[in-house]
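Contents: one structure, followed by commentary.
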Amino acid sequence: MSDSLRDTFFAECEDLLDSLTEGLSLIEDGDEDLETINAIFRAVHSIKGAAGAFALEDLVAFAHKYETVLDLIRSQSLEIDQQVLHLITRSADCLADLVDRAREASDDLPESLEKLTESLAEVAGAQPEPDEAKQEEEEFVFEALPFAPLDLEPIAREAHYVISFAPVAAMYRNGHDPVHIFLELAGLGDLTVKCDTSQIPTLASFDPDESYLSWELDLKGDIALGQIRDVFAFVDGLCDLNISDETPLEDQIPTAIPTIEGESITDFSEPKEAEKKIVAESPSTIKEGNGGSDKKSLQSKGDTERQSAQAKPKAASAPTLRVDPERVDRLINTVGELIINQAVIAQKLHASGVTVNSDLDAELDDYRYLAREIQEGVMAIRAQPVKPLFQRMGRVVREAADSTSKSVQLVTEGEYTEIDKTLVERLADPLTHIVRNAIDHGIEAPDQRKRDGKPEQGTVKLSAAHRSGHVQIEISDDGAGINRERVFSIAVDKGLIPPDTKLTDAEVDNLLFLPGFSTAKEVTNLSGRGVGMDVVKTTIQSIGGRVAITSEPGQGSLISISLPLTLAVMDGMIVRAGDETLILPLSSIVETIRPKLSDIMPIGQNGHVLAVRGAYVPIVNLQEALRLGSDNDASSKEAAVFALIQVEGAESIALGVDAILDQRQIVIKSLEGNYGIIPGISAATILGDGQIALIVDTDSVVRMAGQNYSPKELPPQQTESGYGQQSSLE
Amino acid sequence: MTMSKHILAIDDSLTIRELLSQTLKSAGFKITTACDGVEGLETFAGDRYDAVITDINMPNLDGFGVIEGIRGGKVNRRVPILVLTTESGAELKSRARDAGATGWLVKPFDDEGLLGVLRRVTGVGSAA
């Protein structure tokens with residue numbers, strides 16, 4: 001099985017699982033629309049169907065059980081009560097797990113599999129399911145027909161069959177051609193075909209849709225009866241068929257074949273071409289055939305079934321277009337260049353004396369406007385609603401609530417807010433962690449909540465909204481809030497802060513983002529996996545976002561994530577360091593400081609620290625760190641402006657630059673394709689005047705400067721000081 | 001040899017469509033695909049097909065609707081139609097039969113099974 005087909009399958013599974021989740025959440029909301037139920041049934045059914053092609057037996061088996069229960073709901077034999085709803089949502093989770101495991105070719109099965117399989121079987125078993133279907137399953141799986149003679153038996157058994165075959169009109173209507181059947185029989189052995197044309201009426205009473213021919217077939221060879229039956233399998237019931245095995249009495253010609261009524265048998269080696277034409281091409285509309293009254297009842301049954309199938313409301317599936325992401329990336333790249341080109345032209349024209357109010361300037365405005373429109377349009381291709389992401393959290397909430405024996409509901413808001421597809425994907429892990437944390441550490445046990453006068457069921461709320469060029473994602477809970485005393489004492493115990501440190505509430509909350517901080521008394525299955533909120537923070541920062549936490553004791557906590565709309569454009573601060581113009585990502589800057597000279601103090605041999613509101617922050621001079629030359633060597637040691645930045649490990653660093661020139665959106669142009677990974681530099685952009693400016697990778701710059709300072713030598717680090725400031729998050 | 005037999009495959013699963021395409025192409029068939037019943041009937045009207053393979057459970061118009069559309073239409077209405085299904089019960093088969101299906105294929109199918117069934121309804125095993 002080719003890899004691309006596998007990829008197709010798993011991509012399709014993702015889509016189907018998404019629509020399954022969506023359908024289930026609609027049902028959870030009380031929408032038991034038939035089309036919704038059909039949609040979830042279809043999703044499971046399609047996964048099962050395609051999984052079969054890859055021999056994913058566990059997946060197929062589970063999907064089959066699941067589908068059986070959904071089918072009962074669909075046919076209204078089973079009502080959706082709380083228990084059933086629980087079962088079908090958990091089964092969806094398990095199905096997603098099985099798909100994941102199949103993708104990773106992992107052999108271990110989800111823990112819940114066995115229990116859910118049992119429950120599904122139990123629910124399905126309570127309803128009558130025909131056993132017959134199960135037996136049929138074995139019987140009708142197609143196997144390769146043994147056309148090649150078996151080589152182990154040299155002596156061919158000469159069997160002899162006489163087959164009488166009289167189609168009814170319905171057989172032709174269903175697209176069967178007797179010639180094809182004869183050809184297949186001829187492939188089995190020596191075939192003689194006799195056609196009985198005696199039933200053909202006069203032209204006046206000839207009905208082109210009726211069946212008038214019957215055949216007697218004589219077949220000899222090493223053939224099993226089953227092989228012949230197999231050839232007729234599709235027409236079984238659409239013809240009068242009688243196969244008699246004449247092998248032991250080879251000379252005897254059957255004297256009477258009961259199902260053939262005509263007497264005069266004309267010998268034709270093949271049916272007449274003309275007759276075949278009449279049957280195959282008759283242009284008139286189909287009349288109800290009279291091919292035996294017993295068939296009629298079946299046909300009318302089929303009709304009503306078809307009608308009911310048609311009467312079904314049509315699914316409102318929006319047409320979508322699948323595009324190779326690389327094409328979109330290329331387009332985004334080109335549009336980025338268009339924007340830059342527009343800026344360069346504008347700047348050059350203005351430099352050459354075009355006045356701001358001229359006609360040309362007005363055209364230039366249009367150009368800029370159109371270029372932005374195109375940019376937005378292209379970005380919209382990559383944009384995706386956060387809905388699937390939020391829906392996935394529904395599962396996280398259920399699992400976390402189950403394993404902690406808490407009752408938690410998930411409320412979502414703004415799920416149609418669109419963000420870049422890549423961001424959606426990269427947010428999954430941090431969000432999962434935050435939601436688990438909220439349930440594990442935030443929401444109280446039901447009895448505790450009852451004592452506190454809160455509803456027993458806790459609430460985790462996810463919201464997304466666009467805010468001034470950013471996307472704001474918030475995860476809040478109505479739990480106990482951060483236990484600041486405990487957080488503080490743990491931080492002290494772990495040597496993260498000295499015991500006499502004075503911290504504001506916001507600063508204590510931000511201790512949670514310190515590496516290695518885990519408040520769980522014992523490592524729980526859920527959130528205490530050795531990765532803490534610091535990983536969440538690093539991940540968010542790596543996609544150009546920021547994260548902040550606020551908490552109210554007894555009321556709950558709120559974690560807000562602010563993200564750029566896309567990864568191709570970012571907010572940058574344009575700075576000068578030495579002779580270079582550089583860009584600092586705005587997402588890593590907490591604040592900018594223009595300190596008094598007295599705030600800068602030497603430490604160690606070459607190091608300096610900056611006093612910020614009573615705390616000391618190590619200084620890294622950007623020009624030095626990047627080893628940039630300058631005409632004026634003297635200025636290099638005393639940077640004029642500092643950008644207080646947050647780096648990996650939640651430390652603050654004061655990054656010294658000569659001047660801040662501007663702050664605006666820039667288009668990111670990757671350098672990796674041409675220059676590989678450059679230490680200290682993440683990418684580049686082209687400024688309006690055509691100048692290329694490098695974008696500084698602040699983490700790596702600090703690492704590069706790391707030889708020059710060691711945080712352990714520094715005074716007490718109240719490094720989180722700037723972080724809680726809300727103003728810096730906007 | 002005559003021109004390749006042209007098969008129309010209708011299935012809402014991209015995986016199945018790709019699978020059918022690969023198998024049939026390698027056996028010398030020409031194949032066109034459609035992703036639901038409505039698109040299937042539109043596609044069917046646009047060319048002359050030697051056989052149709054259709055899924056049953058599809059959005060917009062299901063496989064029974066496809067069969068009815070073809071059998072009740074004016075063009076090529078006696079074309080062999082194979083129903084592709086994961087169910088294999090006798091009841092489904094008789095339903096498909098009553099709707100006008102020529103034959104059925106049970107998913108998952110192996111290449112030989114698929115080609116054997118196509119051979120049975122079109123009279124040709126391989127068009128190559």
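First the proteins, then the strands, lettered A, B, ... as listed; each starts at 1.
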Quiz item: Of the listed residues (A/Gly52, A/Ala11, A/Cys13), which shares the most heavy-atom pairs with chain B below a 4.5 Å separation?
Solution: A/Gly52
Quiz item: So do B/Thr32 and B/Tyr49 actually touch side chain to side chain, heavy atoms under 4.5 Å?
Solution: yes
Exercise. Indicate yes or no: at least one non-hydrogen side-chain atom of B/Ile81 is less than 4.5 angstrom from one of B/Val121.
Key: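 Result no, sub-4.5 Å side-chain heavy-atom pair not found.
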Quiz item: What part of B/Ile56 gets closer than 4.5 Å to chain A, counting heavy atoms only: side chain, backbone, both or neither?
Solution: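 B/Ile56 has no heavy atom closer than 4.5 Å to chain A.
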Quiz prompt | Heavy-atom proximity to chain A below 4.5 Å, by part of B/Asp12 | solution =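 Both the backbone and the side chain of B/Asp12 come within 4.5 Å of chain A.
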Self-check item: Options B/Ser13, B/Ala51, B/Pro80, ranked by heavy-atom pairs under 4.5 Å with chain A, top entry
Solution: B/Ser13
Quiz item: Checking B/Arg77 side chain against B/Ile70 main chain: does a donor-acceptor pair fall under 3.5 Å?
Solution: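 Checking the backbone N and O of B/Ile70 against the side chain of B/Arg77, no donor-acceptor pair under 3.5 Å is found.
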Exercise. Measure the spacing between NZ of B/Lys30 and NE2 of B/His6 and express it to the nearest 0.5 Å.
Key: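 Rounded to the nearest 0.5 Å, the NZ-NE2 separation comes out at 4.5 Å.
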Quiz item: Got a salt bridge between B/Arg119 and B/Asp50, using NZ or NE/NH1/NH2 to carboxylate O under 4.0 Å?
Solution: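 Between B/Asp50 and B/Arg119 there is no salt bridge, as every charged N stays at least 4.0 Å from the carboxylate O atoms.
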Exercise. Against chain B, label A/Val235 side chain, backbone, both or neither, depending on which of its atoms sit under 4.5 Å from a heavy atom there.
Key: backbone
